[in-house]
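Inspection log for the structure reproduced underneath, given as structure tokens.
Heavy atoms only: backbone and side chains are in, while hydrogens, waters and symmetry mates are out. Each residue takes its place number in the sequence, starting with 1.
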Amino acid sequence: MAEMYPLRLEPQLKEVVWGGRWLAEQLGRAGTPDARLGESWEAYGGSLVTNGPWHGHTLADLFEHSGERMMGRAARAYPKFPLLVKFIDAKQNLSVQIHPDDALAQKLEQYPLGKTEFWYIIEAEPDATIRYGLNAAGLDRETLQEAIGAGDLLRYTQPTPVKAGDVVFIPAGTIHAL
């Protein structure tokens with residue numbers, strides 16, 4: 001087994017209708033001149049290592065063979081590489097989401113891990129907002145179900161101003177949108 005060393009990883013680009021040009025223009029990510037790049041996955045289980053003894057292997061391979069050396073004893077709790085680091089360039093509103101915690105992910109999807117998110121805002125328009133939580137106390141289940149059915153859930157979410165340098169922690173189970 002090779003010694004641990006700084007890994008270079010090949011980003012995985014995601015072209016989507018809501019993407020923009022920031023990833024190409026500011027980060028130098030490849031793509032056709034008119035590509036709408038929405039995400040650049042920088043580190044995840046499928047990331048290919050592009051240097052050193054692990055060249056050509058994925059982070060999942062490395063984690064399987066040396067997870068504890070990579071992440072300490074906490075790695076024992078995870079059956080696979082547990083992180084996804086990505087850049088997002090959203091030129092349009094994204095969908096309202098609520099991600100499951102570990103227990104719900106296991107129950108509903110037979111998947112071992114839920115999804116907690118951590119956002120660092122690199123750049124934002126002067127009036128940029130995210131949606132975080134609900135905007136009215138006491139909303140009942142029926143009202144929320146009707147809003148979901150009508151595609152109108154966004155109006156019940158709390159607009160939260162953001163600016164470059166802000167950090168947002170979104171625990172699993174929190175309603176949110178970008």
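Of the inter-residue distances, the one linking Leu134 atom CG with Leu153 atom CG reads 7.5 Å to the nearest 0.5 angstrom. Once rounded to the nearest 0.5 Å, the distance linking CD1 of Ile122 with CD1 of Ile88 reads 10.5 Å. For the atom pair CD1 of Ile148 and CD of Gln145, the computed distance is 7.0 Å after rounding to the nearest 0.5 Å. Separating the OG1 atom in Thr50 from the CG atom in Leu9 is a distance of 7.0 Å, to the nearest 0.5 Å. Between the CG atom of Leu113 and the CG atom of Asp101 there is a distance of 11.0 Å, given to the nearest 0.5 Å. Atom CD of Gln158 sits about 11.5 Å away from atom CD1 of Ile175, to the nearest 0.5 Å.
Residues passing the side chain to side chain donor-acceptor pair (under 3.5 Å) test with Asp152 are Arg155, sequence neighbours excluded. Partners of His55 under the ring-ring contact (aromatic ring centres under 6.0 Å, His included) rule, at least two apart in sequence or in another chain, do not exist in this structure. Residues passing the side chain to side chain donor-acceptor pair (under 3.5 Å) test with Thr143, sequence neighbours excluded: Asp140. Annotation: side chain to side chain donor-acceptor pair (under 3.5 Å) contacts of Asn51 (sequence neighbours excluded): none. Contacts of Lys80 classified as salt bridge (Lys or Arg N to Asp or Glu O under 4.0 Å), with partners at least two apart in sequence or in another chain: none. Scored by the salt bridge (Lys or Arg N to Asp or Glu O under 4.0 Å) test, Glu68 finds Arg76 as partners (sequence neighbours excluded). Residues forming a ring-ring contact (aromatic ring centres under 6.0 Å, His included) with Trp22 (at least two apart in sequence, or on another chain): none. Not counting sequence neighbours, the partners of Asp34 by the side chain to side chain donor-acceptor pair (under 3.5 Å) test are Thr32.
The ring pair (Phe, Tyr, Trp, His ring centres under 6.0 Å) pairs that include a residue from residues 67-88 are Phe63-Phe81, where partners are two or more places apart or lie in different chains. Residue pairs that meet the ring pair (Phe, Tyr, Trp, His ring centres under 6.0 Å) test with at least one member in residues 107-132, sequence neighbours left out, are Trp119-His176. For residues 165-178, the set of pairs meeting the salt bridge (Lys or Arg N to Asp or Glu O under 4.0 Å) definition, not counting sequence neighbours, comprises Lys163-Asp166.
Between Glu117 and Lys86 no salt bridge is recorded (no basic side-chain N to carboxylate O distance below 4.0 Å).
In the hydrophobic cluster analysis, where Ile, Leu, Val, Met, Phe, Trp and Tyr join through side-chain heavy atoms closer than 4.5 angstrom, Ile121 is grouped together with Ile170. In terms of hydrophobic clustering, with Ile, Leu, Val, Met, Phe, Trp and Tyr side chains grouped at heavy-atom distances under 4.5 Å, Leu154 and Leu94 are assigned to different clusters. Placement of Ile130 and Val167 in two distinct hydrophobic clusters is found when ILVMFWY residues are connected by side-chain heavy-atom separations under 4.5 Å, directly or transitively. Residues Val96 and Leu178 fall into different hydrophobic clusters, defined by Ile, Leu, Val, Met, Phe, Trp and Tyr side chains chained together at heavy-atom separations under 4.5 Å.
Asp89 and Arg21 make their closest contact through OD2-N, 3.2 Å (heavy atoms, listed as atom of the first residue, atom of the second, distance). Of all heavy-atom pairs spanning Val162 and Ala124, the tightest one is O-CB, 4.1 Å. Taking both residues in full, the closest heavy atoms of Gly19 and Lys91 are given as O-CG, 3.8 Å, listed atom of the first, atom of the second, then distance. Between Gly38 and Leu23, the closest heavy-atom pair is C-CD1, 3.8 Å. The minimum heavy-atom distance between Ala24 and Leu37, with the atom names listed, is CB-CD1, 4.1 Å. Between Ser40 and Leu13, the shortest heavy-atom distance links the atoms OG-CD2, 3.6 Å.
Here the side chains of Leu48 and Thr58 are in contact, with some heavy-atom distance below 4.5 Å. When side chains are defined from C-beta on, Arg131 does not count as touching Tyr156, because their heavy atoms never get closer than 4.5 Å. Using a 4.5 Å heavy-atom cutoff, the side chains of Leu7 and Leu59 are in contact.
Enclosure of atom CZ in Arg36 is not indicated, since only 12 or fewer non-hydrogen atoms of other residues, nucleotides or ligands lie within 6.0 angstrom. Heavy-atom neighbours of Glu125 CD from other residues, nucleotides or ligands within 6.0 Å: at or below the threshold of 12.
Cluster partners of Leu84 are Trp41, Tyr44, counting Ile, Leu, Val, Met, Phe, Trp and Tyr whose side-chain heavy atoms approach within less than 4.5 Å, directly or via other members.
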